[in-house]
Each structure stands twice: as structure tokens, then as C-alpha cells.
Amino acid sequence: MKKYLLLSLLVIVSCRDPENSNNNNNTSTTNNTNITNNTTTNNNTNVQPVCGNGIIETDESCDSTNLDGKTCININQGYTGGVLSCADDCSGYNVELCTTQSGTSVKTPEATVVSEGTGGYLLKGTVLTPEGIIQQGEVLVINDVIACAAEDCSGVTGADSVTIINTNGIISPGLVDAHNHLSYNFLPEWIPDPPQLFKNRYEWAENPQYEEHILPYTKHRSSNDHFCPASIWGELRSLIHGTTTMQGQPSAAGSCINGGVRNANRYHDLGYDHMGGTIGSVRDITDSDASSLVENFTDDPPITRYHVHMAEGYEDNYITDEFDSYAGLDPRDNRHQGVNLLSWGTTILIHSIPLFDRQIQDCVDMNAKIVWSPSSNLVLYGVTAPIQKFINAGLVVGIGPDWTVSGEDDMLAEMKYAYSYGVENEITELTPEKIWRMSTSDGAFVVGLHESIGSIEVGMKADITVFGRSGDDPYLAVIDSDSSDVRLVLINGVGMYGDANLKTVTSRDADCENLNFCNTEKYICVNGTFSGDYTEFDYTAFHQALYDILENYELYDESKPAYEGGRGDELLPLDSRCNE
């Protein structure tokens with residue numbers, strides 16, 4: 001069980017500048033007891049509050065040691081003890097010395113809008129940057145770009161005209177899901193009867209129970225009226241859990257998946273479509289296939305990332321031969337012997353469970369990237385990749401939950417699973433910060449979009465997620481979050497999901513809907529987000545479309561077993577995991 005002590009978050013709520021030379025320095029007014037005690041004078045809006053005088057005045061939550069009767073316990077943020085103090089500017093409470101029970105984090109007070117402006121946002125909170133944590137920092141977003149990330153951005157051009165928000169939370173790059181099978185993610189987990197483990201991915205793929213479980217999708221997988229709602233449902237699930245980019249949106253339906261979460265495969269709006277890949281066995285790549293890939297890797301512009309399912313399993317079905325086959329060491333005829341497809345530094349190796357030391361070094365030498373999906377691996381095979389060796393070898397590793405059929409339901413849950421796996425197996429390299437980096441900047445590098453997204457720094461696209469939790473380790477507080485803690489998601493500087501009280505100032509437009517996720521009022525932008533026939537679909541329309549797919553008897557693909565329908569109640573809700 002995860003143990004950690006939650007301490008620091010300075011709750012910031014704005015107040016007016018207490019320094020006003022016309023009032024504070026007027027000794028005749030300040031020292032005149034007749035005027036000071038005159039309520040008419042104190043209520044005059046021209047008189048500014050004086051922080052530090054021990055008197056709680058207009059716009060002050062507390063003053064010096066005067067806490068208005070508040071303690072760590074009764075401020076209702078989940079703290080169980082400790083010492084509460086007043087913030088230096090009297091605008092809120094300093095909870096740095098408040099404590100919680102070991103192994104828990106706490107929700108923070110809701111965000112507040114300090115002032116409304118145009119052209120972007122100034123977000124105040126705990127900022128997670130490539131260089132480390134800024135405990136009381138600011139992120140300035142001008143249109144679609146990060147213009148500043150520092151303790152104080154007020155002097156940067158444009159800061160005086162944007163909307164200012166005290167997030168009272170943790171400001172992070174949006175999460176990057178480096179591997180998913182998006183269009184299956186309206187289906188719940190498949191549990192074989194009786195429960196069993198498999199040796200490799202080819203075993204369970206031929207299991208009749210598995211085929212029956214996924215029939216609501218596979219009987220219509222080539223039909224846009226099934227593919228599109230399923231894929232978009234997966235995007236919405238990712239969005240409400242803080243993901244802004246993902247790999248695994250298949251392109252069969254074309255532009256219906258263009259408009260929401262960035263698609264690392266295509267439609268990411270960050271330059272040309274640079275990624276290719278295959279879901280089949282890499283041992284099936286022929287001489288001709290290899291020749292075409294080499295042309296793609298060396299073309300102008302080139303394919304810069306090529307994802308493959310590598311060695312998903314640990315024995316049988318030639319699973320342990322896959323890596324060397326891809327590396328040009330397959331002795332069979334017509335299997336590109338001698339042509340090492342790792343050589344161009346393009347390869348994304350997904351899973352890679354049985355890789356041994358020499359193969360890991362080959363990955364290092366050839367600049368291959370790894371995607372780790374521990375929850376799906378352990379559910380299906382009882383083992384996962386040698387993650388400790390990957391990290392120590394210096395490989396760049398991203399994280400992806402794979403899909404809801406066997407993996408965790410979202411990136412936050414997968415991050416939590418990865419952290420727990422590290423604790424249970426004493427893998428000290430899997431710190432909360434490392435898992436966060438694997439889910440942000442490292443994930444962006446894996447999918448080849450690191451020059452534009454994945455970190456909060458000047459010049460990067462404003463793909464930002466704000467988490468409304470606090471703890472002595474902000475990275476761990478992020479991992480402990482669910483959809484209710486995702487306070488705001490910006491993609492390209494535009495609000496696509498967030499707390500309902502931020503809707504007016506952050507949402508993309510008035511069409512964004514108010515919905516309840518994990519018992520928290522949120523807004524989410526659905527109607528008008530996606531393309532083609534689904535531009536006018538709202539949340540209810542997508543929900544109904546998928547319910548009908550699960551519920552209704554189908555004869556669409558007669559090569560598949562009969563589908564009897566009646567499974568509408570299996571539709572996986574977007575917020576299927578909520579913290580207690």
C-alpha cells in the first residue's frame with residue numbers, strides 16, 4: 001500500500017494590492033482613532049485592506065495570527081491535524097504544516113477566477129516543469145502557446161490582458177498515452193471463465209470467449225457508424241482523465257477522429273503525419289515489406305516513428321524470436337535477413353516482455369523507444385517487461401494502458417498501477433516523478449511529438465492539465481487523481497474539460513456541456529468537437545449510439561459468430577474509476 005505524508009499546498013485566492021500610498025501612508029487618517037473606528041470609513045471601497053495588522057478586512061481570509069477560527073481540520077480539505085497559518089498576502093490559508101493520514105492525498109479548494117481577460121490565461125498553482133517543481137508558480141498561455149513558466153509571469157508581454165485563474169492545484173503538461181486500442185474502449189474488462197493466464201498474445205486472441213466479448217465492435221469494425229462512436233468514446237474517456245495526446249486511434253474512419261485529443265498517429269495538428277506501424281507479428285514482415293519501410297524511413301519527409309507490437313508474451317508461438325527477426329536476424333527466406341529495421345531510430349517497441357540484455361543494448365544502440373503497459377501484461381500473462389533494466393539502460397519509456405479489455409481504464413489508473421507495481425517489487429527507479437515523466441515528456445518523445453508537447457516550457461503548445469489535489473509530493477498527488485480531480489484540460493490553449501465553475505472563462509464555446517463525473521460537476525466539450533457525420537453529436541448521442549450497438553441483435557458480419565445483443569448495460573462509463 002502506498003504510503004506518503006501529504007503536506008504542502010499554499011492555497012492562493014486573489015486580493016487587491018494592499019499597498020496604496022494614498023491611504024496606507026496617510027498617517028493622519030491611519031492614526032486617527034475616530035476615523036479608524038468609523039464603520040463608514042472602513043466600508044469605503046477606496047480604503048485598501050492592510051495585511052499584517054491582525055484584522056480580517058475586505059478580501060482577506062485571515063490576517064497574521066487571526067485565522068477566523070479556522071484550523072487544519074475544519075477548513076474541510078481532508079487534513080487530520082497539523083498547524084494552519086495565514087498566507088503572506090492574507091488571501092488564503094497556508095496548509096504547508098497541515099498533515100493527513102499516511103498514504104492519502106487531499107482535494108484542494110476549487111479554483112477561483114481573479115479577473116477575466118482575452119487572448120489566453122495566467123494559471124497560478126504548483127507548476128511541474130522539466131527542471132522541477134515551482135511550488136507557487138505561474139504559467140502564462142498566450143493563444144495556443146506557453147509564453148512563461150516561472151514564479152512570476154506578470155512582467156511578460158500579454159500577461160496584463162489575459163484571464164487570471166488561481167487553480168489551487170498542480171499544473172502539469174497534458175498526459176500522453178503512448179499506446180491504446182481506442183475503439184474498443186467502450187467495452188469492460190474481459191475475464192476468461194475459468195480465469196487463466198496466457199503465454200502470448202496469439203493464444204488469447206484465438207479464445208472463443210474473447211471473440212464473443214468483443215463482437216459488438218468486431219462485427220462492425222469496418223463501419224464508420226460503429227467505429228466512430230467507439231473511437232470518440234475512447235477519446236472522451238481519455239480527455240476527462242487528463243490525457244491530451246494518444247497513440248492508438250486507428251485511421252480507418254478518417255476525419256471523424258479529428259478534433260479532440262491529439263492523435264499521435266495522424267490528425268495531431270503538429271506538422272505532417274509522421275507515424276506508421278503494424279499490429280501484426282513482426283515475423284511476418286517480408287523482404288518487400290522491409291524494402292518499403294526503409295524507403296519510408298529515408299524519404300523526404302521521412303516516417304520518424306514506426307510502432308510495432310514486440311514480443312507480447314514470454315513463450316511459444318515464436319514470441320521470443322520476434323525481436324531478432326525485426327533486427328534482420330531471421331534465418332528464413334523472404335524475411336529481410338541482414339536488414340535491421342531498428343537502424344533508423346524510428347522504432348516504438350510496445351510491450352517487449354522477454355527482451356534480454358543483448359537485445360536491450362541493441363535498443364539503446366539503435367535509439368529504439370519502449371512503451372510499457374504493465375496492467376494489461378500482468379492480467380494476461382502474469383509477467384511484464386524488465387522495466388528496471390530498460391530504465392537503467394537509458395531507454396526512453398512511455399506508458400499506455402493498452403485498452404479497457406485487459407488493461408486499466410485510463411492513464412491515471414495505469415500510472416497508479418505502475419507505481420504500485422514498483423513499490424511491491426522494490427523497483428526504486430519507479431519514483432512518482434519518473435512515472436509522471438514517462439506519462440508526459442518521455443511519452444511525447446516516444447511518439448515523436450516532443451518538440452511541441454509534453455512539457456511546460458516557453459514555446460511549447462499549451463496542452464495543459466490541472467489537477468486539484470495536493471500532497472508533499474506533487475507527482476504522487478497527480479498519480480492519486482481521478483476524473484473529478486482533473487480541474488482543467490487545455491488542448492492548444494483551449495479548454496476542453498474542467499470544473500463547472502471555470503466553464504464561462506475557459507471552455508471552447510457555449511456548446512460545451514455540463515455533466516457530472518465522479519460526483520463532481522464538470523463541463524466537457526463534445527458537440528462540435530469531431531468531424532464528419534458526428535459534428536453535431538453531443539454526449540447523449542454518443543452514449544445512445546454505443547448503447548444501441550451493445551443492446552441490439554446484429555447480423556452485419558456473417559463471418560463472425562452470432563451476436564445476440566442485450567448487453568447495453570455493459571457500456572463502460574467514461575468515469576469508470578472514482579476515488580472513494
Side-chain angles (χ1 to χ4, degrees), residues 172-187 230-251 257-270 275 277 279 305 307 309 348-351 369-377 385 387 396-419 434-450 452-455 461 463-465 467 478-479 481-483 486 489-492 496-497 572 574-577:
S172 166
L175 303 181
V176 178
D177 180 347
H179 173 59
N180 214 312
H181 296 279
L182 188 72
S183 49
Y184 291 84
N185 288 353
F186 67 100
L187 296 170
S231 296
I232 291 168
W233 193 256
E235 280 206 22
L236 296 176
R237 160 181 299 285
S238 300
L239 177 67
I240 74 168
H241 292 95
T243 296
T244 54
T245 297
M246 61 192 309
Q247 183 276 324
Q249 294 125 307
S251 57
I257 54 173
N258 182 18
V261 171
R262 292 192 196 272
N263 182 346
N265 300 66
R266 59 188 300 193
Y267 302 123
H268 47 65
D269 195 30
L270 297 172
M275 183 182 289
I279 195 172
R305 292 293 187 272
H307 62 83
H309 281 61
I348 304 172
L349 301 178
I350 301 167
H351 300 300
K369 293 83 180 169
I370 302 288
V371 179
W372 186 39
S373 297
S375 65
S376 182
N377 292 166
I387 187 63
V396 180
V397 181
I399 288 180
D402 201 350
W403 58 351
T404 62
V405 175
S406 62
E408 288 288 355
D409 289 349
D410 57 79
M411 272 294 289
L412 287 173
E414 188 73 8
M415 293 165 70
K416 185 188 292 285
Y417 191 101
Y419 177 67
K434 180 61 175 177
I435 290 170
W436 171 80
R437 289 185 183 274
M438 292 163 72
S439 306
T440 53
S441 56
D442 290 351
F445 187 84
V446 166
V447 301
L449 299 175
H450 53 289
S452 300
I453 62 164
S455 59
K461 289 291 186 179
D463 289 9
I464 294 173
T465 299
F467 298 93
V478 169
I479 292 172
S481 298
D482 66 13
S483 62
V486 177
V489 178
L490 301 179
I491 299 178
N492 230 31
M496 299 297 291
Y497 175 76
L572 196 64
L574 297 184
D575 57 344
S576 54
R577 182 190 66 86

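If you're wondering where the values come from, they're calculated on a predicted model, not measured in any experiment. Side chains are part of it too, since the values below use all heavy atoms of this structure and drop only hydrogens, waters and symmetry mates.
From Ile479, atom CD1 reaches atom CZ of Phe467 across 10.0 Å, with rounding to the nearest 0.5 Å. The CZ atom of Phe445 sits 14.5 Å away from atom CZ of Arg437, with the distance rounded to the nearest 0.5 Å. Taking CG from Leu412 and OG from Ser238, the interatomic distance works out to 10.5 Å, rounded to the nearest 0.5 Å. Atom CD of residue Gln247 and atom CG of residue Asn263 lie 8.5 Å apart, to the nearest 0.5 angstrom. A distance of 11.0 Å separates CG of Leu449 from CG of Asp269, quoted to the nearest 0.5 Å. Rounded to the nearest 0.5 Å, atoms CE (Met246) and CD (Glu235) are 7.0 Å apart.
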### Task
Test side-chain contact (heavy atoms from CB on, under 4.5 Å) on Asp482 and Asp575 and set out the steps.
CA-CA 8 Å; Asp482 66 13; Asp575 57 344; over 6 Å; no

### Query
For Val176 and Val446, what are the C-alpha separation, side-chain angles and deciding distance, and is it a side-chain contact (heavy atoms from CB on, under 4.5 Å)?
CA-CA 10 Å; Val176 178; Val446 166; over 6 Å; no

### Message
Walk me through whether Glu414 and Ser439 qualify under side-chain contact (heavy atoms from CB on, under 4.5 Å).
### Response
CA-CA 10 Å; Glu414 188 73 8; Ser439 306; over 6 Å; no

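For the side chain to side chain contact (heavy atoms under 4.5 Å, CB included) with Thr404, the lone residue among Asn185, Asn180, Asp410, Leu182 that qualifies is Asn185.
Smallest separation of non-hydrogen atoms from Leu572 and Trp233: O-NE1, 2.9 Å. Here the closest heavy-atom approach between residue Ala418 and residue Ile399 is recorded as CB-CD1, 4.3 Å. When all heavy atoms of His268 and Arg262 are compared, the pair lying nearest together is O-NH1, 2.8 Å. Heavy atoms only, all atoms of each residue included: Thr440 and Ser172 are closest at CG2-OG, 4.2 Å. Listed here is the closest heavy atom pair of Asp463 and Asn492: OD1-N, 2.8 Å. Scanning both residues, Lys461 and Ile453, for their nearest heavy atoms gives CB-CG2, 4.2 Å.
Proximity of a side-chain donor or acceptor of Arg577 to a complementary backbone N or O of Ser483 within less than 3.5 Å is not detected. Judged by distance alone, the side chain of Ser375 and the main-chain N or O of Glu408 form a donor-acceptor pair under 3.5 Å. A donor-acceptor contact shorter than 3.5 Å is absent between the side chain of Asp177 and the backbone of Gly400. Between the side chain of Thr244 and the backbone N or O of Ile491, no donor-acceptor pair lies under 3.5 Å. Under a 3.5 Å cut-off, the side chain of His241 and the backbone N or O of Arg237 do form a donor-acceptor pair.
Taking the six-membered ring for Trp and the full ring otherwise, His179 and His181 have centroids separated by under 6.0 Å.
Side chain to side chain, Ser376 and Asp402 meet the donor-acceptor criterion of an N or O pair below 3.5 Å.
Counting heavy atoms from C-beta outward, Pro401 and Asp409 have side chains that stay 4.5 Å or more apart. At least one side-chain heavy atom of Met275 sits less than 4.5 Å from a side-chain heavy atom of Ile348.
Taking a cutoff of 4.0 Å between a charged side-chain nitrogen and a carboxylate oxygen, Lys369 and Asp442 do not qualify as a salt bridge.
Under the 30°/60° scheme for interplanar angles, the aromatic rings of Trp403 and Tyr184 are found to stand perpendicular.
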